[in-house]
Enquirer: 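Take a look at this one; I'll ask things after.
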Amino acid sequence: MIKFLNDIRNAENLISNNRKTINTIALLFLGIALGTFSKLLDFRQTELPSVLMAIDGALDVHNFLGRFAIWVLIALCISIYSNSAIRASINVFVFFVGMVASYYLYSNYIAGFFPRSYAMIWFGFTAVSPLLAFVCWYAKGKSKLAFILSALILAVLFNMCFVYGCWYFNVRSVMEVIVFIIGLIVLRRDTLRSSALMGTISIVLAFLFNIVIPFHWG
């Protein structure tokens with residue numbers, strides 16, 4: 001335990017307090033910007049270029065931002081590239097506070113409606129995000145535990161990006177394929193063989209998760 005606390009303290013000392021504060025504030029504003037942009041696409045979709053529209057859009061950005069995969073990937077990247085597990089918790093929480101708050105404030109005061117049941121899901125996700133980020137930070141390590149964590153994270157991401165069953169397999173969109181590929185890159189191991197093994201194990205775990213809990217969080 002003492003070694004664990006010392007490792008966190010040493011990681012925290014790698015950057016100054018001013019830099020930590022600036023980074024956290026920047027993530028807050030990033031969350032606000034992305035939350036506002038996501039709601040803008042939702043509220044003004046008929047006024048946007050066809051490439052961004054929900055129906056027959058080339059990229060389907062509107063629906064893409066309304067699903068979990070991209071937000072989980074962003075949270076994963078924030079966690080992995082934070083200086084410590086504690087910083088990961090703080091940074092991810094602040095990001096989601098900004099994103100969720102701006103999205104639903106826009107929805108309530110500009111769009112004129114508040115989807116309470118859907119909002120509760122995001123409020124709950126925001127509340128548990130510090131714990132999830134704390135755990136995800138350790139996936140960037142070199143240990144067997146880090147390897148297992150990486151495979152588990154990718155398995156969850158796989159089930160958010162793809163829809164499948166006994167006799168079918170569908171890609172939600174090109175954007176979700178890109179999300180999963182980026183997830184693989186972010187969590188890659190030191191060697192190509194280890195990375196391939198991690199990816200293979202994650203897909204097997206995803207199929208097992210799908211049997212136990214057939215819900216893809218799309």
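Note that the numbering runs from 1 along the sequence shown for the chain.
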Enquirer: Donor-acceptor pair, T36 side chain versus I32 backbone, under 3.5 Å?
Expert: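 Yes; at least one donor-acceptor contact below 3.5 Å.
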
Enquirer: Heavy atoms, side chains only, cut-off 4.5 Å: are C136 and I153 in contact?
Expert: yes

Enquirer: Taking atom OG1 of T24 and atom CZ of R19, what is their separation to the nearest 0.5 Å?
Expert: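 Atom-to-atom, T24:OG1 and R19:CZ are 11.0 Å apart.
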
Enquirer: Within the distance-only criterion (no hydrogens, no angle test), does the side chain of K39 pair as donor or acceptor with the backbone N or O of Y106 below 3.5 angstrom?
Expert: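 Absent.
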
Enquirer: More than 12 non-hydrogen atoms from neighbouring residues, nucleotides or ligands closer than 6.0 Å to CZ on F169, yes or no?
Expert: yes

Enquirer: Just how far is it from atom CD1 of I80 to atom CG of L187, taken to the nearest 0.5 Å?
Expert: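 The CD1 atom of I80 sits 5.5 Å away from the CG atom of L187.
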
Enquirer: Are the side chains of L154 and I203 in contact, using a 4.5 Å heavy-atom criterion?
Expert: no

Enquirer: Enter the distance from L197:CG to S194:OG here, rounded to the nearest 0.5 Å.
Expert: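 Separation between the atoms: 7.0 Å.
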
Enquirer: Using atom types as modelled and distance alone, determine if a side-chain donor or acceptor of R116 lies under 3.5 Å from a backbone N or O of F114.
Expert: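 No; judged by distance alone, with no hydrogens or angles, the pair does not exist.
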
Enquirer: Donor-acceptor pair, S38 side chain versus L34 backbone, under 3.5 Å?
Expert: no

Enquirer: Would you check if I74 and F95 make a side-chain contact, meaning some heavy-atom pair closer than 4.5 Å?
Expert: yes

Enquirer: Under 3.5 Å, side chain of N91 to main-chain N/O of I78, donor-acceptor pair present?
Expert: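 Between the backbone of I78 and the side chain of N91 there is no qualifying donor-acceptor contact (under 3.5 Å).
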
Enquirer: Give me the atom names and distance for the closest heavy-atom approach of G199 to L184.
Expert: CA-CD2, 4.1 Å

Enquirer: Is there a continuous path of hydrophobic side-chain contacts, each under 4.5 Å between heavy atoms, that joins I22 to I25?
Expert: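 Each belongs to a different hydrophobic cluster.
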
Enquirer: Return yes if a side-chain donor-acceptor contact under 3.5 Å exists between T126 and S129, otherwise no.
Expert: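 The answer is no; no qualifying pair exists.
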
Enquirer: Have a look at F68 and tell me which of F96, F125, Y118 forms a ring pair (Phe, Tyr, Trp, His ring centres under 6.0 Å) with it.
Expert: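 It is F125, the one option of F96, F125, Y118 that forms the ring pair (Phe, Tyr, Trp, His ring centres under 6.0 Å) with F68.
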
Enquirer: Side chain to side chain donor-acceptor pair (under 3.5 Å) between N83 and R87: does it pass, once the steps are laid out?
Expert: CA-CA 6 Å; N83 283 80; R87 290 298 305 165; over 6 Å; no

Enquirer: What heavy-atom pair brings L157 and A69 nearest, and what distance separates the two atoms?
Expert: CD1-O, 3.9 Å

Enquirer: Report whether I201 and I185 are members of the same hydrophobic cluster (ILVMFWY, side-chain heavy atoms less than 4.5 Å apart, transitive linking).
Expert: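 In one cluster with I201: I185, yes.
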
Enquirer: Under the side-chain contact (heavy atoms from CB on, under 4.5 Å) criterion, do M198 and F147 qualify, and how do the steps go?
Expert: CA-CA 7 Å; M198 177 191 65; F147 183 92; 3.7 Å; yes

Enquirer: Suppose we call two aromatic rings close when their centres sit under 6.0 Å apart. Are Y168 and Y164 close by that rule?
Expert: no

Enquirer: With rounding to the nearest 0.5 angstrom, report the CG to CE distance, L73 to M160.
Expert: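 Between atom CG of L73 and atom CE of M160 there are 11.0 Å.
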
Enquirer: Please determine whether residues F93 and V135 belong to a single hydrophobic cluster, defined as Ile, Leu, Val, Met, Phe, Trp and Tyr linked transitively by side-chain heavy-atom distances below 4.5 Å.
Expert: no

Enquirer: Can you find a heavy atom in the side chain of R67 that is under 4.5 Å from one in the side chain of S173?
Expert: yes

Enquirer: Work out which heavy atom in S202 is nearest to a heavy atom in A151; give both atom names and the distance.
Expert: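 So the minimum-distance heavy-atom pair works out to CB-O, 3.3 Å.
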
Enquirer: How long is the straight-line distance from CD1 of I86 back to NZ of K20, given to the nearest 0.5 Å?
Expert: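 Those atoms lie 9.5 Å apart.
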
Enquirer: Apply side chain to side chain donor-acceptor pair (under 3.5 Å) to residues R189 and S150 and explain how you reach the verdict.
Expert: CA-CA 9 Å; R189 301 291 95 188; S150 296; 2.9 Å; yes

Enquirer: Checking S102 side chain against M99 main chain: does a donor-acceptor pair fall under 3.5 Å?
Expert: yes

Enquirer: Starting at CD1 of I90, measure out to CG of N23 and round the result to the nearest 0.5 Å.
Expert: 11.5 Å

Enquirer: Looking at the rings of F37 and Y103, which for Trp means the six-membered one, are their centres under 6.0 Å apart?
Expert: no

Enquirer: Let me check something: do L76 and V177 share a hydrophobic cluster, defined by ILVMFWY side-chain heavy atoms less than 4.5 Å apart, either directly or through other members?
Expert: yes

Enquirer: Counting C-beta onward and ignoring hydrogens, is there a side-chain heavy-atom pair between I70 and M175 closer than 4.5 Å?
Expert: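 Counting from C-beta outward, I70 and M175 never come under 4.5 Å.
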
Enquirer: Can you see which heavy atom on S82 is nearest to which on W137, and at what distance?
Expert: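 S82 and W137 have their closest heavy atoms at O-NE1, 3.0 Å.
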
Enquirer: For F123, I'd like to know if atom CZ has over 12 heavy atoms of other residues, nucleotides or ligands within 6.0 Å.
Expert: yes

Enquirer: Among the clusters formed by ILVMFWY side chains lying less than 4.5 Å apart, do L152 and F207 turn up in the same one?
Expert: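 In one cluster: yes.
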
Enquirer: Measure the shortest side-chain to side-chain distance between W71 and W122 over non-hydrogen atoms and say whether it is less than 4.5 angstrom.
Expert: yes

Enquirer: Within a strict 4.5 Å, meaning less than it, do heavy atoms of the L132 and V92 side chains meet?
Expert: no

Enquirer: Are any of the side-chain heavy atoms of L205 and F158 separated by less than 4.5 Å?
Expert: no

Enquirer: Which atoms form the tightest heavy-atom contact between A146 and Y138, and what is the distance?
Expert: CB-O, 3.2 Å

Enquirer: Using atom types as modelled and distance alone, determine if a side-chain donor or acceptor of S107 lies under 3.5 Å from a backbone N or O of F113.
Expert: yes

